[in-house]
Amino acid sequence: MPRPLLARIDPGALRRNLLEVRRHAPRSRIWAVVKAQAYGHGLEAAMLGFAQADGLAVIEFEAAQRLRELGWSRPILMLEGPFETADCELAAHLDLTLVVHDRERLEWLRAYRGPALAVYLKLNTGLNRLGIPAQSARAVHGLLRSFEGVRSVSLMTHFANSDLPQGADEALAEFERCTQGLEGERSLSNSAAVWKVPTSHADWVRPGIVLYGASPFAGYRPEGLSAAMTLRSELIAVQTLEPGDAVGYGSTFVAPKAMRIGIVACGYADGYPRHAPTGTPVLVDGQRSRLVGRVSMDMLAVDLSGLEASGVGSPVELWGASLSVDEVAAAAGTIGYELLCALAPRVRREILPLAEPGQGAS
Ligand SMILES: *Cc1c(COP(=O)(O)O)cnc(C)c1O
């Protein structure tokens, strides 16, 4: 008997979100970012939903290999580059595009003698995480192009603040100043920049979160996005509390009046955030309810006040098509990204069938 907790993944939603990105950046090709198991949705669903993407971008070499095994034949971009010298050979074997973000990787490529690789030179424009200083772009670009093991050099950067008004202006200006006249394709825009910084779209955009139907912005959800993951479960028990009775570890929620409480098969071991407070929205039988008390490892409790018809077996949506993951994340003091990526391996995933383009709702 399977536990009723299920993550339903809708490849049609992935496809619609990809089309939304195309609509916003019509002149750019799209690296669909599928790192972290496609933000928790799984690579198989991503392959289906993003069949029309121009390339896929990941961090993990295991994921790149899996994508090739699944039949992805277009480019794959390795966003964190090689992690050891042998990754250059692996990249050639799997036909992967490598990001070069520091001097050490530059030396690996200088020494590399296999089939020539396509590389992206990553410039640091203020995020100060990965990337060579933008001012060194010209010198390093020239050097890379002289390497026997390199067949093409593209230029990229990653914004620290493209989700804020004018937040990417300075970084974009620096990128343009430092790369002026250099040959090669450009890629700058994450999801937020696809929506808010059209001047950064360039040759390739690199959206992640919007493709899954969640927002890159705090307190605001762009229109036109479809949630691709619906996390649903059921009530597996009902408790009737007297005034003063508590529910859950630490007894943090105390019933102010007699009330019914539903127990949901979903907890932090499934990826539901333990720090979600009382009041976090939950849908029970399609009606809005709220989390009460502490989230435990395998269960959480919801308020059934006003939901007289709900009982054991009633469907519960934790987030998804009818309750945005952004809203749940905001209530829990985090972002949709974290909730989607944290979905635990023990949660069953069901991939919905994909209708042919133009057919039905997909
Ligand atoms: C994750 C990532 C992206 C996608 O970011 P979103 O905010 O999810 O759109 C783009 N570029 C790089 C380098 C990344 O690491």
Side-chain angles (χ1 to χ4, degrees), residues 13-14 17-18 20-22 24-25 28-41 43 46 49-50 53-61 63-64 75-83 96-102 105 119-132 134 154-164 167-168 171-172 175 185-198 200-218 220-222 224-225 227-229 325-326 329 334-343:
L14 299 175
N17 295 329
L18 186 75
E20 272 301 295
V21 170
R22 283 236 188 270
H24 279 82
S28 306
R29 277 168 284 164
I30 301 174
W31 289 114
V33 178
V34 299
K35 60 188 175 187
Q37 297 299 315
Y39 290 50
H41 295 64
L43 295 175
F50 303 146
D54 302 285
L56 299 177
V58 290
I59 302 274
E60 315 84 355
F61 280 80
I76 297 178
L77 178 63
M78 303 307 295
L79 291 168
E80 266 179 16
F83 298 102
L96 311 177
T97 302
L98 288 181
V99 168
V100 182
H101 60 78
D102 73 347
R105 269 112 196 129
V119 304
Y120 268 59
L121 174 57
K122 183 165 189 174
L123 306 179
N124 177 16
T125 52
L127 181 58
N128 290 317
R129 219 172 49 174
L130 299 183
I132 63 151
S154 302
L155 295 153
M156 72 181 285
T157 193
H158 192 43
F159 295 130
N161 298 303
S162 55
D163 55 326
L164 305 175
L172 175 59
F175 181 88
E185 295 180 338
R186 268 61 170 172
S187 177
L188 301 85
S189 308
N190 57 3
S191 294
V194 170
W195 256 249
K196 295 291 187 193
V197 196
S200 75
H201 288 172
D203 300 294
W204 290 82
V205 292
R206 298 191 312 273
I209 194 72
V210 289
L211 294 175
Y212 304 97
S215 176
F217 305 108
Y220 147 80
R221 239 182 100 73
L225 298 180
M229 178 196 294
V325 71
D326 300 311
T334 183
I335 53 178
Y337 294 78
E338 188 182 11
L339 300 191
L340 296 175
C341 293
L343 189 73

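Every number for a ligand or one of its atoms is a count from 1 in the order of the listing.
The pair E185-R29 meets the salt-bridge criterion, since a charged nitrogen lies less than 4.0 angstrom from a carboxylate oxygen.
Only the side chain of L79 comes within 4.0 Å of ligand 1, judged by heavy-atom distances. Residue-level proximity to ligand 1 for P216 is absent, since no heavy atom of it falls below 4.0 angstrom. Contact annotation for R206 and ligand 1: heavy atoms of both the backbone and the side chain come within less than 4.0 Å of the ligand.
In this structure, K122 NZ and L98 CG are separated by 13.5 Å, a value rounded to the nearest 0.5 Å. Rounding to the nearest 0.5 angstrom, the gap separating the CG atom in L79 from the CZ atom in R206 is 7.0 Å. Separating the CG atom in L56 from the CG atom in L43 is a distance of 9.0 Å, to the nearest 0.5 Å. Rounding to the nearest 0.5 Å places NE2 of H201 at 10.0 Å from CD1 of I30. S187 OG to Y120 OH: the interatomic distance, rounded to the nearest 0.5 Å, is 5.0 Å. Expressed to the nearest 0.5 Å, how far OG of S189 lies from CH2 of W195 amounts to 11.5 Å.
Considering only non-hydrogen atoms, atom 15 (O) of ligand 1 lies nearest to K35 out of M156, K35, H101, E80.
Ligand 1 has no N or O atom lying under 3.5 Å from any N or O atom of K122, backbone or side chain. Between Y337 and ligand 1, at least one pair of N/O atoms sits closer than 3.5 Å.
Using a 4.0 Å cut-off to heavy atoms of P207, the atoms of ligand 1 that qualify are 9 (O). The atoms of ligand 1 that sit less than 4.0 Å from any heavy atom of I209 are 6 (P), 8 (O), 9 (O).
What sits closest to atom 9 (O) of ligand 1 on the protein, heavy atoms only, is S191 OG, 2.5 Å. The single protein non-hydrogen atom nearest to atom 12 (C) of ligand 1 is H158 CE1, 3.5 Å, given as residue, atom name and distance. Atom 8 (O) of ligand 1 has as its closest protein heavy atom Y39 OH, 2.5 Å.
Between the side chain of T334 and the backbone N or O of A329 there is no donor-acceptor pair closer than 3.5 Å.
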